2 protein chains.
Amino acid sequence: MASAADPAPAPAGETAILQAAIAVMAEHGYHGTSVRDIAVRAGMSPGALYHHFTSKQEVLATIMERGIKALLSRTRSALDGAGDDPADRLRALVAVQVLFHLEDQRGTLLGTSEVRALQEPVRARHLAKRAEQQRMFDAVVGEGVERGVFTTPLAAEASRAIVVMCTGVAAWFSPSGRLSRHEVVQRYQRLALDMVGGPVPDGTRNGMH
Amino acid sequence: MASAADPAPAPAGETAILQAAIAVMAEHGYHGTSVRDIAVRAGMSPGALYHHFTSKQEVLATIMERGIKALLSRTRSALDGAGDDPADRLRALVAVQVLFHLEDQRGTLLGTSEVRALQEPVRARHLAKRAEQQRMFDAVVGEGVERGVFTTPLAAEASRAIVVMCTGVAAWFSPSGRLSRHEVVQRYQRLALDMVGGPVPDGTRNGMH
DNA sequence: GACCCTCCTAAACGATCGTTCAGCTAGCAT
DNA sequence: ATGCTAGCTGAACGATCGTTTAGGAGGGTC
């Protein structure tokens, strides 16, 4: 019964290593983090790490692959349940993108700044998945423009800016800050729709002065 | 006469070290770059580096301090010459922010991902200057909203998103790509004004369907 | 010619790096 | 009891790290 009640069950083995690596690498970067740093934080000796991973590089690769896979999966299922309206679909994309990077801020910092530390061919695979993620935004924005729901002449630029802006929340958000996660999502949905020239709630449209 | 004609005069001494450090550190990060890497690329032996800097850390500090100082200086003088209209002032800020990060893409990558490698008190000073830079955007957006030129209810979020979006160009821009620097500037000016609910040229305003 | 200063090289320093290895322990199957 | 395996410890390995040191080449000044 203790296992269900523990708020932080102090994970062991592979899970402990991955959590420790995310924490330490997010702060000091891949090359700024030693295998000893990771092992100590995971509560084991340096050698024990090599029972679960073949190298420090494989630890990073595992973190990055699972992270991008989870993001792509959540993004796809959000689109699946978003209906047909381009504005709804863009709101769904933004909600997932913002929430994902808010829930795993340290993982996001790793994902954005340590791609360069990945060795091939993992690095190329990772970049391909990031491009795939971007393409889902491009498609939703592009369809909105085709249908006349979005009026921006800068679909490609707006789409890229939206992804960058949503990823950026991981760099400044604080759970004890002024805004809740939900409020951040709502505001970024509005900003995204403003960028593509999409519809916003009655009485609050920009330029209605 | 050769010195004036050489396209790349192969800098020596301190300049060579700084240029080499920016190039190598932008690719592999501070901890992923050795003093030997920097020295070899600068055309000297590792020990020679210590005639110009007291440590590898001081090399990074010099790069970061000069970079943020140049950005702040250019931003301030852009505002000085921008006139009174909030839209013009925001366009001036965006132009500087985009151009600066396009002209020194590698320096930008360093500036955004290696702040964590800076030691105190340089790190704190650097973060303070970054906050100062953000505050200049906040002030321009805030005044535009006060005057009714910008209609967004999300001034703070839009301001932060604009800075993030403009900084982000360093990550994807290619001089041989589809867009010139000038075109990027113009499009990002438009995106920024869309985000704050500002005026855009006649016949192209969003929502005019 | 003597002196100094700038800039450099070559070699070496101790520390720390990623990784390996021999061996110990606890649990489970036979 | 015996054997097997998973998970771990502690010590050690060669390599590379940031930095220091001794000394030399070259140019300007008295």
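From a predicted model like this one, the values you see are computed outputs, not experimental measurements. Lettering follows sequence order; numbering is per chain, from 1.
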Residues from residues 33-46 of chain B sitting under 4.0 Å of DNA chain D, heavy atoms only?
->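 Correct list: B/Thr33, B/Ser34, B/Val35, B/Arg36.
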
Check DNA chain D against residues 115-124 of chain B and give the residues with a non-hydrogen atom under 4.0 Å, in numerical order.
->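 Residues of residues 115-124 of chain B under 4.0 Å from DNA chain D: none.
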
Looking only at side-chain N and O atoms, does A/His31 come under 4.0 Å of OP1 or OP2 in C/dG18?
->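 The answer is no; no side-chain N or O of A/His31 sits under 4.0 Å from OP1 or OP2.
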
Which nucleotide in the set C/dC8, D/dC8, C/dT19 lies at the smallest distance from any side-chain heavy atom of A/Ala48?
->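 Selected nucleotide: D/dC8.
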
Among D/dG18, D/dG7, C/dC8, which nucleotide sits nearest the side chain of B/His52?
->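 Closest of the options to the side chain of B/His52: C/dC8.
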
Hey, are the side chains of [X] and [Y] touching, using non-hydrogen atoms and a 4.5 Å cut-off?
| X | Y | result |
| --- | --- | --- |
| A/Thr152 | A/Met195 | no |
| B/Arg116 | A/Ser113 | yes |
| A/His101 | A/Leu71 | yes |
| B/Asp88 | B/Arg91 | yes |

Over how many whole Å does the gap from [X] atom [atom1] to [N] atom [atom2] extend?
| X | N | atom1 | atom2 | answer |
| --- | --- | --- | --- | --- |
| B/Ile17 | C/dC8 | CD1 | C1' | 11 Å |
| A/His28 | C/dC17 | NE2 | P | 12 Å |
| B/Glu14 | C/dC8 | CD | C1' | 16 Å |
| B/Tyr50 | C/dT9 | OH | P | 14 Å |
| B/Leu49 | D/dT20 | CG | C1' | 13 Å |
| B/Tyr30 | D/dC17 | OH | P | 13 Å |

Does the distance from a Lys or Arg side-chain N to an Asp or Glu carboxylate O, for A/Arg125 and A/Glu132, drop under 4.0 Å?
-> no

Listed once per pair and sorted, the side chain to side chain donor-acceptor pair (under 3.5 Å) pairs that draw on residues 36-46 of chain B, sequence neighbours left out = B/Ser34-B/Asp37

Please, which pairs that meet salt bridge (charged side-chain N to carboxylate O under 4.0 Å, His left out) have at least one residue in residues 95-111 of chain B, sequence neighbours excluded?
-> B/Arg74-B/Glu103

Closest heavy-atom pair, B/Gln105 versus B/Phe173, reported as atoms and distance to 0.1 Å, is NE2-O, 2.9 Å

Smallest separation among heavy atoms of B/Arg178 and B/Glu183, with atom names = O-OE1, 4.0 Å

Before giving the answer on side chain to side chain contact (heavy atoms under 4.5 Å, CB included), spell out for B/Leu18 and B/Arg66 the whole-Å C-alpha distance, their side-chain angles and the decisive distance to 0.1 Å.
-> CA-CA 11 Å; B/Leu18 289 174; B/Arg66 290 191 188 176; 3.3 Å; yes

Side-chain donor-acceptor distances from residues 20-32 of chain A under 3.5 Å, at least two apart:
from	atom 1	to	atom 2	distance (Å)
A/Tyr30	OH	A/Gln57	N	3.2
A/Tyr30	OH	A/Gln57	NE2	3.2

Atom pairs under 3.5 Å: protein N/O with N/O of nucleotides 23-29 of chain C:
none

